[in-house]
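Beneath this line is the structure, given in structure tokens, with notes to follow.
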Amino acid sequence: MKKRVARASVNGYAGIVERIKEMVMKGALEPGARLPTRRELIRRFHTTPVTIQRAMDVLVDHGYVRPDGPRGTFVADFPPHVSHYAMAF
């Protein structure tokens, strides 16, 4: 079953970053899942290619997604919220 990125009423790339990070953290986009194409993200978020690219750059820098050339962009195998654990005694 395909998971959908919800339509967003977000302001700028920061809102898109937060929306996608939230979906990754809640499991709506699982590790290794392919994100929709840039064209589809532009349509869903009602924005421009430049805004989507800026959002993807931030998500890559923060470790949430990884680009894979012409295959697309995928959720990182170990996104930050999964790979940071602390132990308290």
query: Of the non-hydrogen atoms in Y64 and P80, which two are nearest, and what is the gap between them?
result: CE1-CG, 3.8 Å
task: Starting at CG of L41, measure out to CZ of R19 and round the result to the nearest 0.5 Å.
output: 12.0 Å
field: Separation of I16 CD1 from M56 CE (nearest 0.5 Å)
entry: 7.5 Å
- request: Verify the cluster assignment for I20 and F74: are they in a single hydrophobic cluster under the rule of side-chain heavy atoms below 4.5 Å apart?
  value: no
task: Scan residues 48-70 for pairs that pass salt bridge (charged side-chain N to carboxylate O under 4.0 Å, His left out), counting only residues two or more places apart or in two chains.
output: D68-R71
- request: Starting at OG1 of T51, measure out to NE2 of H46 and round the result to the nearest 0.5 Å.
  value: 13.5 Å
field: Test side-chain contact (heavy atoms from CB on, under 4.5 Å) applied to R38 and T73, step by step
entry: CA-CA 9 Å; R38 300 277 200 269; T73 302; 3.1 Å; yes
- line: Looking only at heavy atoms, the pair that brings V60 and P67 closest together is CG2-CD, 3.7 Å
message: With rounding to the nearest 0.5 angstrom, report the CE to CG distance, M23 to L29.
response: 4.5 Å
task: Answer yes when E18 and K21 have at least one side-chain N-carboxylate O distance shorter than 4.0 Å, and no when they do not.
output: yes
- prompt: For G63 and A76, which heavy atoms make the closest approach, and how far apart are they?
  reply: O-CB, 3.2 Å
